[in-house]
2 protein chains.
Amino acid sequence: MTRPLKSFIDIAENSDFPIQNLPYGIFSETKDGVRRAGTAIGEWVLDLAALEAKGYLSIQDGENFFAQSTLNKFIESGKANWSKIRAELQDLLSADNAELRDNQALRDQIFFKQADVTLHLPVHIPGYTDFYSSKEHATNVGCMFRDPKNALLQNWSELPVGYNGRASSVIVSGTDVVRPSGQIKLPNAERPQFSACRKLDFELETGFIVGKSNNLGEPIAIENAWDHIFGMVLFNDWSARDLQQWEYVPLGPFNAKTFASSISPWIVTLEALEPFKTSSPVQEPQPLAYLREDNSSNSYDIHLSVEIQADGAEQADVISETNFKYMYWSMAQQLTHHTIAGCNMQVGDLMGSGTISGPTPNSYGSLLEITWNATKPLTLSNGEERSFIQDGDTLIMKGFCEKDGLRIGFGEVSGKVLPALNFNFAD
Amino acid sequence: MTRPLKSFIDIAENSDFPIQNLPYGIFSETKDGVRRAGTAIGEWVLDLAALEAKGYLSIQDGENFFAQSTLNKFIESGKANWSKIRAELQDLLSADNAELRDNQALRDQIFFKQADVTLHLPVHIPGYTDFYSSKEHATNVGCMFRDPKNALLQNWSELPVGYNGRASSVIVSGTDVVRPSGQIKLPNAERPQFSACRKLDFELETGFIVGKSNNLGEPIAIENAWDHIFGMVLFNDWSARDLQQWEYVPLGPFNAKTFASSISPWIVTLEALEPFKTSSPVQEPQPLAYLREDNSSNSYDIHLSVEIQADGAEQADVISETNFKYMYWSMAQQLTHHTIAGCNMQVGDLMGSGTISGPTPNSYGSLLEITWNATKPLTLSNGEERSFIQDGDTLIMKGFCEKDGLRIGFGEVSGKVLPALNFNFAD
């Protein structure tokens, strides 16, 4: 491309949203206003439904991709169309294209300050699956709850372990989270008791959005898997550790995870992430053939961080910094494994990476690991201690790629924890 | 009601579908024809979309509950409306109402032989959860794979253990099932291998369809739970035992279950099942308060059976007969537990009971249990042996209630197993 990728929109140097990014989201001007698709550019949202309606995008009459309350219809239109629209948007936003640049009246109608709009769940999520693909995380958990000498179960190294999550409780960044209640069993108790969760945790994850379905009984081959991925989001897989420990055998996590899972509002496309491709860890043993993939560029170099801000605290404290590139199993391997027995994926499905922990304690992706199950509490800058999340705490996760002066960011996923409900039971 | 509940439609004595049943389903006249709602009466389907369009039901203009490809909109209309429509249908179909009875031209338009139509998935299923609520089943599995002396894990007796299933691969009765492939690990092998499933099994279950949603963070109290249930179906939770054994620790079943789960096409309402209410087993220990419920009439007396028919065999063999009333945890307890931490249920959600095993080997709800993990193979009437399901086998599950000359049935859920795909991998 000879055209320099510079926008006529003024974009701050550390912005997550230069013209090279153009993530997709769903916004409304007021909380209950009409939802439609937008893209983020600098501190603005560009109204894609308006662009579409006014004929600035080469979309056939009646297609109506963007005047929708979710992105699913656009995503279903396919990879070739994603690329075409992206190129058209970059062209419309470029500094040397006068079409929007010099039409202030139009610009006043189609650009909205991000700070002024409400961002919604960007996709309808028919299915949500969570993987467990960070070796460091699985090892840490195995050390704490199983045998430190055999922390990793054998199947972990042979396949991307995952489980079906609950799609209905996936919420968008900014949505408050009520502390869950349920059964917990204290170490010396004979029986469980009903209680508000006492070990509320976050899990730092990313998620990818499935962009292309497959039919039931027709697995996605590893060499085609990347074509089935639309883009990525940040993902906080809130976890009630005490509920989880009591309920999870033998069928896996359930109420410990189904009360809320938060995603960032902007879906960053794989095309935008392309310059940040990197290798993933060498896999030993070599996976079975159906999962085998060249590891030299099947991951992304994405800086990730977690901040916690206590209620009323002046500032948030960064409590973890890690990177997506530590993930052992690639997104393509996850998707292929998910379908190998015949499972059909649907457009909009959310696939969580699993907690992303790096090799050192300051890169762990959960409080469970950071405080080593409350044996090493954190001290926040306001002097308070944290082993797990307290009521009023806000958790903020951020992510960005940066190289050669180009920064492609995800924005953030945040959520504040509210006190548990009051239950009035006889006992 | 003084009107005797007898229809002008001729209904065979052993029919599952008398005027007291009136289950809801989705049908089309041809395979690709227009889908709409119907109810089963004797050997007929009554076209509810046509009845609605012609003004025979007290539905407000524009409501359009039945000219839909799923029942979700009707179900969302609420319990009072379910009752009202049911009463109107019983009235329209009754022997002493001339309105349809004596209008042969109309009857020719709105009644279709069940054998001539295609039945479809009756609801859009936003979420599917499977429980594990038969004590006999959980004990049998615990004996086989864990410790016979401590077959039941402690949490099993304290809460209805469940896990999130995969909603996308729920299919309607009559849909073929391709034998899944994936990773299995043979007992003495160092590593897993890629293989077609060698231990393909069924699980005899029922499922209930959620009829009323709750908001995220607002649990459904046990005393309200029954009002959130629309009706029940038969459910075959196909299971790949060898995939399951290798993959399921620590996060539960995944590919072993996500390749297909079959439901019967007719949803039998709780109102139709009302005469067959019965007690469920005494729960010891007494559940925590949030799960506590009078056990005297929180179950249903539903006879259930499983038949297997080998490819080309002249007849199907009944291999299990059991009853829904053996279930330890009630549907209300399952639903309340599912939401206690805040999870939001959606209209159309499918909740599987878990395998329903009775106390004796001829009442076990899976081949795993019937053949005790292939140590006691079955002999079919054609002389063939079965430890697990073979290619070409058709599995048929049936269910009905019967008392005082009234029979309310579910019809059946059936599925034929096709050979695994041919994969061509280098190793």
Side-chain angles (χ1 to χ4, degrees), chain A residues 126-127 129-130 132 153-155 158-159 161-169 171 178 180-183 185 191-194 197 216-219 240 243 246-256 258-260 285 288-290 337-338 340-346 349 421 423 425-427, chain B residues 126-127 129 132 153-155 158-159 161-169 171 177-178 180-183 185 191-194 197 216-219 240 243 246-256 258-260 285 288-290 337-338 340-346 349 421 423 425-427:
Chain A
T129 295
D130 200 26
Y132 188 57
L153 294 169
Q154 195 193 347
N155 64 3
E158 298 282 3
L159 56 84
V161 171
Y163 72 100
N164 306 296
R166 175 81 191 171
S168 70
S169 51
I171 54 181
V178 175
S181 297
Q183 291 195 21
K185 186 164 173 295
R191 290 191 56 197
Q193 65 189 87
F194 188 84
C197 171
L216 188 66
E218 298 177 10
L243 273 64
W246 169 238
E247 75 176 1
Y248 91 105
V249 279
L251 300 182
F254 187 54
N255 281 349
T258 57
F259 61 94
L288 297 185
Y290 81 97
H337 180 69
H338 201 321
I340 191 66
C343 184
N344 53 328
M345 309 306 298
Q346 295 180 300
D349 281 347
L421 300 177
F423 289 94
F425 294 128
D427 58 334
Chain B
T129 294
Y132 188 56
L153 293 169
Q154 196 194 345
N155 65 3
E158 298 282 1
L159 56 84
V161 170
Y163 71 101
N164 306 296
R166 175 82 191 170
S168 70
S169 49
I171 54 181
V177 172
V178 175
S181 297
Q183 290 195 21
K185 186 164 173 294
R191 290 191 57 196
Q193 66 189 85
F194 187 85
C197 170
L216 189 66
E218 299 176 10
L243 274 63
W246 169 238
E247 75 176 0
Y248 92 104
V249 279
L251 300 183
F254 187 53
N255 281 349
T258 59
F259 61 94
L288 296 186
Y290 80 98
H337 180 69
H338 200 321
I340 191 65
C343 184
N344 53 330
M345 310 306 298
Q346 296 179 301
D349 282 346
L421 300 176
F423 289 94
F425 294 128
D427 58 334

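So you know, we letter chains A, B, ... as the sequences are listed, proteins then strands, and number each from 1.
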Quiz item: Centroid-to-centroid, F194(A) to Y290(B), below 6.0 Å?
Solution: yes
Quiz prompt | Any donor-acceptor pair under 3.5 Å from N255(B) side chain to H337(A) backbone | solution = yes
Self-check item: Most chain B-contacting option - heavy-atom pairs closer than 4.5 Å, from G217(A), P219(A), A260(A), S181(A)
Solution: S181(A)
Quiz item: Quick one: does R166(A)'s side chain get under 4.5 Å of T129(B)'s, heavy atoms only?
Solution: yes
Quiz item: Could you give the distance from CD1 (I340(B)) to OG1 (T258(A)), rounded to the nearest 0.5 Å?
Solution: 11.0 Å
Self-check item: Among G342(B), P180(B), C343(B), residue most engaged with chain A (heavy-atom pairs, under 4.5 Å)
Solution: C343(B)
Quiz item: Which pair of non-hydrogen atoms, one from Y248(A) and one from P250(B), has the smallest distance, and what is that distance?
Solution: CD1-O, 3.5 Å
Self-check item: Between C197(A), G182(A), G162(A), A167(A), the one whose heavy-atom pairs under 4.5 Å with chain B are most numerous
Solution: G162(A)
Quiz item: So do the side chains of Y163(B) and P253(A) get within less than 4.5 Å of each other, counting heavy atoms only?
Solution: no
Self-check item: Residue pair L216(A) / F259(B), side-chain heavy-atom distance below 4.5 Å
Solution: no
Exercise. Go through the atoms of L421(A) and report whether side chain, backbone, both or neither lie under 4.5 Å from a heavy atom of chain B.
Key: side chain
Quiz prompt | Distance (rounded to the nearest 0.5 Å) between L251(B) CG and L251(A) CG | solution = 11.5 Å
Quiz prompt | R191(B) side chain vs E158(A) backbone, donor-acceptor pair below 3.5 Å | solution = no
Practice problem: Go through G252(B), S169(B), A341(B) and name the one with the most non-hydrogen pairs under 4.5 angstrom from chain A. | Solution: A341(B)
Quiz item: S168(B) side chain to N344(A) main-chain N or O, any donor-acceptor pair under 3.5 Å?
Solution: yes
Exercise. Starting at CG of L159(B), measure out to CD of Q183(A) and round the result to the nearest 0.5 Å.
Key: 4.5 Å
Quiz item: What is the minimum heavy-atom distance between V249(A) and N155(B), and which atoms define it?
Solution: O-ND2, 3.0 Å
Quiz prompt | Top contributor to chain A contacts, counting heavy-atom pairs under 4.5 Å, from P126(B), A240(B), G165(B) | solution = G165(B)
Quiz item: So, do L288(B) and Q193(A) sit near enough that their side-chain heavy atoms are less than 4.5 Å apart?
Solution: no
